Amino acid sequence: MIAKKRTPDIFVYQEIINGLCKNGMGQEAFRIFCDLKERGYSPDRVMYTTMIDGLCKMGLIGEGRKLWFEMIRKGFIPNPYTYNVLIDGYCKMGDLEMAQKLRREMCERGYGESTVSYNTMIAGFCLHGKMDEAHKLFEEMPKKGIERDVVTYNTLIQGLCKEKKALEAMDLFYEILGMGMHPTISSYTPLIQALCDMGNAQEAIELWNDMRNRGLEPLVCTCDHIITGLCKAGNAKESMEWLINMLRSKQRPQRETFQRLVQYLSSSSRLDDALLVLDYLFGMGYILDETVLYSLVSQLCKGNLHHAWEYIGEILEKS
DNA sequence: GTAGGGTTAG
């Protein structure tokens, strides 16, 4: 456009800056933003908001704050979008006090709170393990007439799961259903992981099936969690089946998943399966961690030493 | 000639 002397307008630049920010090229966006100002363009409130958000998401909250004041100097009053972007930035870096201060300031300016502003703060508290505070806000929402949406629930579910409170998180999941809302991938993923971590793989699989029945496509890592969960629950057979299904559908399990499975199979004397999984592991281009290797070798040595020696030679060659 | 852009989980 520039070469053809078609000067891009502010909307085109807005799209470019936003697109770069959302695709991991925030530095480039910031360069263009600064360049624009030098060439005499004046960014408006939306563009400032977009750039402040981009900077916050890169962890450059100081730069974001500078732009905030620059915007005010140029006569733009921050609106709820601008506030939320900065509040989210402070939440993410753990300065919850500053986030709360900005939230009060936003209200003093006469802007009402919204589902998004609540979700932002709840996510901030959850991220930093302050579940009591998160709950307080969650309870406050209906009292203030602010609707909870599926993001509100998902955020709290994720927070509770991280704190190993899967039962409480399940209650919220049922509440989503009870309210007639539609759960999303983010409702299921942390729950399945938490249940697997607790050794409750069967319930996790029920959730998995429920998710599939709703036409939701699970994240690949969810499958990894189920495989490790099944090992934890002592279910070698099903664990192998899930792994093979993953490989069949051309999904790449994590190295850690293979290792846990090899470790579990060898420690429960299923050496044939362990060696089979090991073959898949090497086939994916992974190498075996030393501690898992030692445990496998010592298991092999408990059996027929002659065979053990053959296997070990083969394993060492591949690793 | 007009309208058009920005925020929360993952």
Side-chain angles (χ1 to χ4, degrees), chain A residues 8-24 26 29-30 32-33 36 41-57 61 64 67-68 71 76-93 96 99-100 102-103 105-106 109 111-128 131 134 137-138 140-141 146-162 169 172-173 175-176 181-194 211 216-222 225:
Chain A
D9 65 11
I10 194 89
F11 291 104
V12 172
Y13 275 111
Q14 166 64 26
E15 288 294 337
I16 290 183
I17 288 171
N18 190 35
L20 288 169
C21 285
K22 298 291 180 295
N23 289 283
F30 193 38
I32 292 171
F33 179 85
L36 273 182
Y41 277 87
S42 333
D44 63 3
R45 182 162 63 182
V46 174
M47 203 182 258
Y48 269 107
T49 305
T50 306
M51 199 61 248
I52 293 171
D53 185 39
L55 288 167
C56 289
K57 296 227 164 28
I61 192 127
L67 277 194
W68 169 278
M71 181 184 99
F76 300 110
I77 311 287
N79 69 359
Y81 282 96
T82 328
Y83 270 105
N84 268 314
V85 152
L86 196 62
I87 290 171
D88 185 53
Y90 280 112
C91 280
K92 291 288 184 308
M93 63 168 286
L96 296 159
Q100 291 278 49
L102 283 165
R103 191 172 152 236
E105 191 185 303
M106 181 176 82
R109 278 202 198 270
Y111 298 125
E113 295 209 77
S114 64
T115 304
V116 172
S117 76
Y118 265 92
N119 288 351
T120 305
M121 278 311 303
I122 291 175
F125 283 126
C126 286
L127 184 65
H128 296 93
M131 293 312 295
L137 292 182
F138 182 76
E140 214 174 278
M141 292 177 80
I146 293 163
E147 224 173 302
R148 296 165 176 164
D149 64 5
V150 75
V151 176
T152 319
Y153 281 95
N154 291 352
T155 306
L156 215 48
I157 287 176
Q158 187 192 39
L160 287 166
C161 287
K162 208 177 65 183
L172 287 178
F173 176 79
E175 213 173 305
I176 294 179
M181 293 192 285
H182 298 288
T184 68
I185 283 291
S186 307
S187 321
Y188 288 96
T189 309
L191 279 170
I192 292 178
Q193 176 175 5
M211 171 163 55
L216 297 171
E217 196 56 46
L219 299 179
V220 176
C221 72
T222 306
H225 290 129

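Each chain gets a letter, A, B and so on, in the order the sequences are listed, and its residues count up from 1. Everything numeric in this text was worked out from a predicted model, so none of it was measured.
Within the nucleic acid shown, A:Thr82 comes within 4.0 Å of at least one base atom, counting heavy atoms only. Residue contacts for A:Pro190: at a heavy-atom cut-off of 4.0 Å it reaches no nucleic acid atom on any strand shown.
Distances shorter than 4.0 Å separate none of the side-chain N or O atoms of A:Lys57 from OP1 or OP2 on B:dG6. Side-chain N/O atoms of A:Lys92 include one lying less than 4.0 angstrom from OP1 or OP2 on B:dA9.
A:Asn84 contributes no side-chain N or O that forms a donor-acceptor pair with the base of B:dG6 under 3.5 Å. Side chain A:Thr50 to base B:dG6: no donor-acceptor pair is found below 3.5 Å.
In this structure, A:Trp68 places its CH2 atom 13 Å from C1' of B:dG6, rounding to the nearest Å. Distance, A:Tyr90 OH to B:dT7 P: 19 Å, rounded to whole Å. Between the NZ atom of A:Lys22 and the C1' atom of B:dA9 there is a distance of 15 Å, given to the nearest Å. The nearest whole Å value for the distance from the CD1 atom in A:Ile77 to the P atom in B:dG6 is 22 Å. A:Phe11 places its CZ atom 5 Å from the C1' atom of B:dG4, with the value rounded to the nearest Å.
Not counting sequence neighbours, the partners of A:Cys126 by the side chain to side chain contact (heavy atoms under 4.5 Å, CB included) test are A:Ile122, A:Met131, A:Ala134, A:Thr155, A:Leu156. By the side chain to side chain donor-acceptor pair (under 3.5 Å) test, A:Lys22 pairs with A:Asn18, sequence neighbours left out.
Of the possible donor and acceptor atoms, none in the side chain of A:Arg148 sits under 3.5 Å from a partner among the backbone N and O of A:Met141.
Using cut-offs of 30° and 60° on the angle between ring planes, the pair A:Tyr153 and A:Phe138 is perpendicular.
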